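Working notes for the structure below.
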Amino acid sequence: MAVIYGNQHVDEKYAPIFEPNLYYNSFLVPGVTCTNKYTQKAGGIYVHKLSGVTPVEPGTPGRDFSHTNSADDLIQIVLNNNFQRSRKLYDVQIEAIDAPIAEENLRAATEEVREGRELSALGALINEGTTSTVKTAITPDNIKEIILAERAALSKAKGKANVILASPDVYAAILTGAGKEFVSSRNERIQMSGQVGEWFGFTIFECNALAHGAGATYYDYSGARKTVDFDGVDFIMYYSEALSVVDNLSKYKMEDGGIIFNGVAAQVEVNTGFRVTNQALARVKKNA
């Protein structure tokens, strides 16, 4: 549509920079919210876990050992989730656009793959964790009580946790509840930054991907395609070492079209395996 000032047509131009697209917050950080310690050059990884481990009962002094034969179970992590994006550009398009269109497409492809991979990781965590029996809706007044109750349940199962992924609504309740409770210096920091950080020994992340209405899909260690509904998930409390996210391929490139077409393809491919290696170390709180 032409732009006219009075009766005079004026020049029109396209901005040489792009308005950024929006993506869900990144929450996968090896060593903080997940582990990649089992990474091997393989398509499937088996992790040993001793079985038949029980507390020792006392006896009287002056006796021989009785033997317990060693036995173990195998935890399988299969790297069978492949994420790809290829964004195609013709040279005639690139030459007719002043903005760095090829670089922006590679950036978009990278974020699209990251977002899809993290949705699948979240699906695995929800599907393979332990679902809490508490269905109470969370408010700023009861959030502390519910978090500590889930912590107690996890502790009774001999577990521990150091991460909470909270939905946007629950994160807002935490901010409100924590803001009421903390001393002035910390209260001011929460009000200024909008970030909770550490609370009761947990690193708390706002995981806005939990608001993804379509949920997520992923392939589990058996090769079954799982569809996970995020609806009603308030938060996930877990130990970061219990969530294994292992890659055997991460490739980001600008591929020339060669003899097929004149242009480039911005391509990203990541191949990943997801596994909650100990179900007792992940608790999923849902509401009714």
Side-chain angles (χ1 to χ4, degrees), residues 23-39 47 75 77 114-115 117-134 138 142-178 181-182 186 189-190 193-212 215-216 218 228 230 232-247 272-287:
Y23 304 96
Y24 290 125
N25 299 340
S26 179
F27 75 91
L28 285 182
V29 183
V32 179
T33 59
C34 64
T35 182
N36 57 6
K37 65 184 178 183
Y38 297 122
T39 298
V47 181
I75 302 168
I77 304 172
R114 178 199 63 77
E115 189 173 67
R117 177 174 171 270
E118 295 204 354
L119 285 169
S120 291
L122 198 56
L125 186 56
I126 293 169
N127 187 57
E128 298 176 17
T130 301
T131 301
S132 171
T133 58
V134 177
I138 287 178
N142 68 12
I143 181 62
K144 174 183 174 182
E145 177 186 349
I146 290 175
I147 283 179
L148 292 181
E150 292 301 325
R151 180 189 180 281
L154 199 148
S155 181
K156 290 174 184 177
K158 301 183 180 181
K160 60 181 178 180
N162 58 359
V163 176
I164 291 177
L165 302 180
S167 72
D169 289 336
V170 170
Y171 193 82
I174 294 173
L175 284 174
T176 304
E181 188 172 291
F182 288 151
R186 192 170 183 184
R189 179 181 61 78
I190 292 172
S193 68
Q195 297 177 354
V196 178
E198 298 284 336
W199 199 32
F200 297 118
F202 301 105
T203 301
I204 299 178
F205 292 84
E206 181 180 19
C207 186
N208 60 353
L210 286 173
H212 190 63
Y218 79 103
V228 184
F230 292 176
V233 177
D234 287 327
F235 65 81
I236 308 162
M237 176 186 294
Y238 68 102
Y239 183 50
S240 58
E241 292 288 299
L243 175 60
S244 285
V245 180
V246 181
D247 299 331
T272 307
F274 306 106
R275 187 71 194 270
V276 175
T277 52
N278 193 326
Q279 188 180 38
L281 294 179
R283 296 189 63 83
V284 181
K285 162 65 176 71
K286 298 182 179 181
N287 60 60

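Quantities reported herein were computed from a predicted structural model and do not represent experimental measurements.
Side-chain contact between K286 and D234 is absent, with no heavy-atom pair separated by less than 4.5 Å. V233 has its side chain out of reach of L165: every pair of non-hydrogen atoms, C-beta onward, lies at least 4.5 Å apart. Inter-residue side-chain proximity for K144 and F200 is flagged as met; some heavy-atom pair is nearer than 4.5 Å. Using a 4.5 Å cut-off on side-chain heavy atoms (C-beta onward), L210 and L122 make contact. The side-chain heavy atoms of N278 and Y239, taken from C-beta on, include no pair separated by under 4.5 Å.
Side-chain atoms of N208 never come within 3.5 Å of backbone atoms of S167 as a donor-acceptor pair (strictly under, hydrogens ignored). A donor-acceptor contact shorter than 3.5 Å links the side chain of E115 to the backbone of Y24.
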side-chain contact (heavy atoms from CB on, under 4.5 Å) evaluation trace for I236 with I164 | CA-CA 6 Å; I236 308 162; I164 291 177; over 6 Å; no
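Pairing each heavy atom of F274 with each of A121, the nearest pair is CE2-CB, 3.6 Å. Across every non-hydrogen atom of G159 and L281, the tightest pair is CA-CD2, 3.5 Å. The minimum heavy-atom distance linking V32 with S240 is given by the pair O-CB, 3.2 Å.
A donor-acceptor contact under 3.5 angstrom links the side chains of N127 and Y218, judged on distance only.
Sequence neighbours left out, the pairs with a member in residues 28-38 that pass side-chain hydrogen bond (donor to acceptor under 3.5 Å, both in side chains) are K37-E241.
Here L28 contributes atom CG and S26 contributes atom OG; the two are 6.0 Å apart, rounded to the nearest 0.5 Å.
No salt bridge links E150 with K285; every basic N to acidic carboxylate O contact stays at or beyond 4.0 Å.
With sequence neighbours excluded, the residues that form a salt bridge (Lys or Arg N to Asp or Glu O under 4.0 Å) with R275 are E128.
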